[in-house]
Amino acid sequence: MARWGMVIDLARCIGCAGCQMACKAENGTPPGITWCRVEVKDIGNFPAVRRIPLPVQCMHCREPECEKVCPTGATEKTESGIVRVDSELCMGCRACVLACPYGARYFYEEKKGYYETLSLFEELAYKRHRVGTVTKCDFCQERVERGLDQGLKPGVDREATPACVFNCMTKGRFFGDLDDPRSTVSLLVASGRAFQLLPGHPSDPQVYYLTPGTTLSAGGREDGK
Amino acid sequence: MASNALWQRSWGWKVVLYLFLAGLGSGSFAVGAIEAFSSAQSFVANLGIIAGTFLVLLGTLFLLWDLGRPTRSIFALRRLRVSWSSRGTWTLTLFSLFGALNSILRLTAGNGSLPEFQPVLDGLGVLLAIGVAAYTGVMLALMSGRPMWNSSILPALFITSAFSTGIGLLVALVSLPGNQTPFEAMEKWIGADIVSILLELLLIYFYLSVNFARAPESVRMVTRGSLAGPFWLGVLGAGLLIPLGLEYLNLTGGGSPVLGFVSGVGLLTGGLALRYIVVFAGGRAPVLAGNIRFLVRPGV
């Protein structure tokens, strides 16, 4: 069984939020719910300032805090390491939303679309979200599993890879099996550039980041200066 | 903008009311049940147990109302082994069942006709009441991403406040005109409350000073920012210092039922303000990416 993980190269991220939009299109999340999103922060003092993007989403922690607080067992960690919410069991208490140190969870409060009436896309897409429950990124589990059934390789083949990864226009996102030492994600995690958010936190995220300052990316951007 | 991020937004006033009512109810129940060990059917014992049970049940209604899908709440009994929320659900359920049984027995029993197992029921109720008062504190204290909650002082603060507000309610009710029970019956509880107020002052001091080291902005929000009113006027003024003074007067002979009533209402106000502050000051700590702190704000 694979242990799915992701690597996000901050040296390649230009903060375009394409991942956020790809996720919206793939998962049809309602307004206010962005399973994958890009936070930005301005650093430095004028005129030497920079805007730094940080794509965030569910970290699919090995020791998920959300799972420990869930009273109903709606949040569970699958064998392949995906943390998911069973909306049949979720009672919408939001303890997990509060427990997640990464702000990755959303409470789906009411059914409303982006426009006055629901578009055809919204009519169809919102069926998978249940009002009154908590939702979050599931590493495009359905897509990955469908791809595997077709004999495709997640992280390599587009049809078996999460939407945010294959839509990243700077190729700054990687997906794959962290238990396979030769997978791209494993090699990147072992590269010495990888770090996790909240270093030392016991949750042990399975989404890693690569530092922006130590490498030239294929896109030709200089190393963080 | 920064202060917005320090504000906790997932839980609102219904949870504040639940925390207040559950604390108040469990405190009142505990006082009544302890009183019942010495005089099984005294007014204070009956009132504490019956009103306490009722208030916890009322609070639970707010908790259920706050759920996205209240009909699924039965599932919250499933994860007793790991989840404090589930353990709390068990405690709350058992407290409600035994509390309701206890109340019905007391309401229907004639003088001296409580069953023999009544002290067992009262004692069990006290243990469950402590559980009801404490579990929410433990649950919040384990949330590592929220500095104002992630504090082992919180359960102790919740228990102390529950006990103190419970006494406050009973003192206020006994002070009401037309009540047969002499106000002196509450003297030992007023003494106990003075001790718990002093303890609560100490706990609040430690709570804020320990948190100041790791979340100064959140503590400033409580002492000088958007939560300063409820903190200084509600928690410290109405909830602790004024009742402390009035209760001291009551014990040293200068008191009256009127002052008792005022101190009781003050204690309740303070208990509500404390839950309000704790709930809304529980914003998420920034996420560290390397050495850069990002305030993550989902839903934007």
Side-chain angles (χ1 to χ4, degrees), chain A residues 10 31-35 37 39-41 43 52-54 56 59 65 67-75 86-110 130-134 136 195-203 209 211-213, chain B residues 5 8-12 14-15 18 63-64 66-90 92 135-136 138-140 142-147 149-150 279 282-300:
Chain A
L10 295 180
I33 298 177
T34 43
W35 287 359
R37 64 183 200 276
E39 299 276 354
V40 290
K41 171 145 186 172
I43 58 164
I52 305 180
L54 180 74
V56 290
M59 298 286 141
E65 304 243 314
E67 189 221 6
K68 284 179 211 148
V69 299
C70 179
T72 67
T75 290
D86 181 349
S87 65
E88 280 296 321
L89 284 175
C90 178
M91 63 174 188
C93 72
R94 282 110 69 221
C96 56
V97 178
L98 292 156
C100 172
Y102 307 99
R105 288 176 161 256
Y106 299 83
F107 180 55
Y108 184 19
E109 209 163 352
E110 55 170 331
R130 194 185 290 259
V131 173
T133 64
V134 169
K136 62 163 202 71
F195 69 92
Q196 296 162 311
L197 296 185
L198 295 175
H201 194 278
S203 53
Y209 292 84
T211 52
Chain B
Q8 184 284 118
R9 288 168 195 287
S10 290
W11 280 345
K14 288 174 214 154
V15 171
Y18 164 69
L63 188 63
L64 289 171
D66 183 61
L67 293 177
R69 297 173 75 78
T71 50
R72 307 284 164 100
S73 53
I74 188 77
F75 292 144
L77 297 168
R78 289 184 73 221
R79 299 246 303 162
L80 178 66
R81 285 200 304 171
V82 269
S83 159
W84 273 96
S85 174
S86 189
R87 288 170 193 169
T89 310
W90 273 100
L92 199 55
Y135 92 88
T136 45
V138 177
M139 189 177 148
L140 298 187
L142 289 173
M143 293 195 176
S144 65
R146 296 177 182 270
W149 290 357
N150 188 210
V279 165
R284 187 183 282 107
V287 162
L288 264 184
N291 56 355
I292 301 171
R293 285 151 53 98
F294 279 85
L295 278 169
V296 289
R297 292 180 300 147
V300 177

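None of the values given here were measured: they were computed from a predicted structure. Residue numbers begin at 1 in each chain, while the letters A, B, ... track the order of the sequences.
Contact of L142(B) with chain A is made through the backbone alone, with heavy-atom distances under 4.5 Å. Looking at E39(A), both its backbone and its side chain come within 4.5 Å of chain B, counting heavy atoms on both sides. Using a 4.5 Å cut-off between heavy atoms, K68(A) contacts chain B through its backbone alone, with no side-chain atom that close. Looking at V40(A), only its backbone comes within 4.5 Å of chain B, counting heavy atoms on both sides. With a 4.5 angstrom heavy-atom cutoff, E88(A) touches chain B via backbone and side-chain atoms both. Using a 4.5 Å cut-off between heavy atoms, W11(B) touches chain A through backbone and side chain atoms alike. For Y209(A), no part lies under 4.5 angstrom from a heavy atom of chain B.
No other option in Q196(A), H201(A), R130(A) has as many heavy-atom pairs under 4.5 Å with chain B as R130(A). Taking S85(B), S86(B), G145(B), A76(B) one by one and counting their heavy-atom pairs under 4.5 Å with chain A, the maximum is reached by A76(B). For the set N150(B), I292(B), L80(B), the count of heavy-atom pairs under 4.5 angstrom toward chain A peaks at I292(B). In terms of heavy-atom pairs under 4.5 angstrom with chain A, the leader among S10(B), A289(B), S83(B), P70(B) is S83(B).
Under the 3.5 Å distance criterion, the side-chain polar atoms of R94(A) are matched with a main-chain donor or acceptor of D66(B). Of the possible donor and acceptor atoms, one in the side chain of Y106(A) sits under 3.5 Å from a partner among the backbone N and O of T34(A). The closest donor-acceptor contact from the side chain of R78(B) to the backbone of T72(A) lies under 3.5 Å. Between the R146(B) side chain and the L98(A) main chain, a donor and an acceptor come within less than 3.5 Å of each other.
Residues S203(A) and E65(A) approach most closely at CB-CG, 4.3 Å, considering heavy atoms. Across all their heavy atoms, M91(A) and L67(B) have their closest contact at O-CB, 3.5 Å.
Remark: C96(A) SG to R105(A) CZ distance equals 4.0 Å, nearest 0.5 Å.
Stacking of R87(B) on the aromatic ring of W84(B) is recorded, both the 6.0 Å distance cut-off and the 45° axial limit being met.
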